[in-house]
K.L.:
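This is the structure, below, for whatever I ask next.
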Number of protein chains: 2
Amino acid sequence: MDDMIELDSLDRRILAVLQKQGRISFDELGGQVGLSASAALRRVRRMEDAGVIAGYAALVSARRVGLSLTAYINVRLEKHSGRGKRTPMDDFAAELATWDEVVECVSLSGDMDFLLKVVVADMDHYTRFVMETLLKHPSVQDCKTSFVMRPLKSGVSVV
Amino acid sequence: MDDMIELDSLDRRILAVLQKQGRISFDELGGQVGLSASAALRRVRRMEDAGVIAGYAALVSARRVGLSLTAYINVRLEKHSGRGKRTPMDDFAAELATWDEVVECVSLSGDMDFLLKVVVADMDHYTRFVMETLLKHPSVQDCKTSFVMRPLKSGVSVV
DNA sequence: AATGAAACGTTAAGATC
DNA sequence: GATCTTAACGTTTCATT
């Protein structure tokens with residue numbers, strides 16, 4: 001399951017194409033990298049099986065579905081006070097999954113514990129989320145927000 | 001070009017499916033949301049044309065291609081010293097596009113100007129990138145890094 | 001040379017659009 | 001009906017013996 005796989009330059013070109021055009025046909029894909037459809041298919045299947053390609057996704061424009069505000073929130077947790085045997089981090093992680101506003105969350109080195117990426121309709125919704133959901137959570141000590149003013153580069157295809 | 005489009009609950013269910021299974025057939029997609037293949041296709045094409053679906057992408061596992069270190073870097077730019085009529089921000093944004101290590105970059109409110117998401121093979125590569133590329137750029141004043149210790153939620157399909 | 005593995009292209013039947 | 005997917009089959013290449 002954890003086997004490293006060798007990727008040659010053709011594999012990498014295939015990945016580059018699929019990251020831009022995830023629903024391209026194997027015929028076209030092969031054409032772009034200089035292979036037949038079946039050869040392209042074989043290589044893609046191999047990378048899927050090896051977990052190099054984790055899956056495929058439609059990219060949804062946040063704006064076009066009415067979500068025009070993006071923010072990053074640094075969160076610091078309480079050091080103690082986990083419920084029962086669970087740590088504050090466990091409690092937080094469990095509830096996180098139920099918050100639709102959070103599209104990305106990583107645990108960090110440094111003074112802050114988590115970085116959340118949050119996408120919402122407007123400032124109103126954002127304020128409600130922070131006040132009535134995030135800060136009300138018993139594991140959360142405090143947080144600090146930076147709002148996204150302009151996206152310069154969006155990397156969506158590395159997981 | 002900027003027309004808001006009305007999405008009903010069926011459209012939203014279709015989007016949810018396509019965000020998880022971007023290469024699903026329309027037959028299966030229709031089955032999951034209770035539509036025929038052609039009805040599902042019509043709705044998907046409509047959302048593609050409206051820009052709601054910005055595209056499709058294969059999701060590549062960073063680990064499996066040997067990129068096991070992820071970091072977020074807050075960058076502060078020089079306030080002046082743009083070359084010619086261009087601002088430091090223009091200079092920075094232009095060069096950014098050529099840095100493969102940066103998979104995401106947004107301009108932020110607050111004391112820092114940018115947040116970069118960086119994915120590299122190891123700490124060695126990371127150090128080289130910061131010392132020999134990022135900090136050498138004339139627009140960059142200073143930066144501060146947080147390393148990702150554990151990804152809890154990865155949102156890849158909102159753009 | 002002979003052998004086997006790996007990767008390619010062609011073909012054709014079935015699935016999908 | 002046209003395009004796309006996918007498995008079967010034969011060919012080429014190349015490293016090993």
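In the text below, chain A, chain B and the rest are named by the order of the sequence lines, each starting its count at 1.
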K.L.:
Would you classify R46(A) as touching base, sugar-phosphate or nothing, given that sugar-phosphate means primed atoms plus P, OP1 and OP2, and contacts are heavy atoms under 4.0 Å?
P.N.:
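The residue R46(A) makes no contact with any strand.
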K.L.:
Between protein and nucleotides 10-16 of chain C, what N or O pairs are separated by less than 3.5 Å?
P.N.:
from: dT10(C); atom 1: O4; to: S38(A); atom 2: OG; distance (Å): 2.9

K.L.:
Are the side chains of N74(B) and D113(B) in contact, using a 4.5 Å heavy-atom criterion?
P.N.:
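Contact flag for D113(B)/N74(B) side chains = no.
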K.L.:
Taking only the side-chain heavy atoms of L41(B) (C-beta and beyond), determine which of dT6(D), dC17(C), dC8(C) contains the nearest atom.
P.N.:
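Of dT6(D), dC17(C), dC8(C), dC17(C) is nearest to the side chain of L41(B).
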K.L.:
Counting only N and O atoms by type, is there a donor-acceptor contact under 3.5 Å from the side chain of T70(B) to the main-chain atoms of V148(B)?
P.N.:
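A pair under 3.5 Å: no.
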K.L.:
Whole angstroms only, please: what is the CG-C1' distance between D11(A) and dA7(C)?
P.N.:
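For the pair D11(A) CG and dA7(C) C1', the rounded distance is 11 Å.
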K.L.:
Below 6.0 angstrom between ring centroids: does that apply to F92(A) and F114(A)?
P.N.:
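They qualify: ring centres under 6.0 Å apart.
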K.L.:
Using only side-chain N and O atoms of R23(B), determine if any of them is under 4.0 Å from OP1 or OP2 of dT5(D).
P.N.:
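Checking R23(B) against dT5(D): at least one side-chain N or O falls below 4.0 Å of OP1 or OP2.
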K.L.:
Check whether any side-chain N or O of R43(A) sits under 4.0 Å from OP1 or OP2 of dA6(C), and answer yes or no.
P.N.:
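No.
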K.L.:
Would you tell me whether Q19(A) and Y56(B) have side-chain atoms, one donor and one acceptor, within less than 3.5 Å of each other?
P.N.:
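The answer is no; no qualifying pair exists.
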K.L.:
Between L10(A) (CG) and dC8(C) (P), how many Å, whole number?
P.N.:
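After rounding, the gap between these two atoms is 7 Å.
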K.L.:
Is the number of heavy atoms from other residues, nucleotides or ligands within 6.0 Å of CZ (R128(B)) greater than 12?
P.N.:
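Yes.
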K.L.:
Before we go on, tell me: are the rings of Y72(B) and F147(B) under 6.0 Å apart, centre to centre?
P.N.:
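Not under 6.0 Å, so no.
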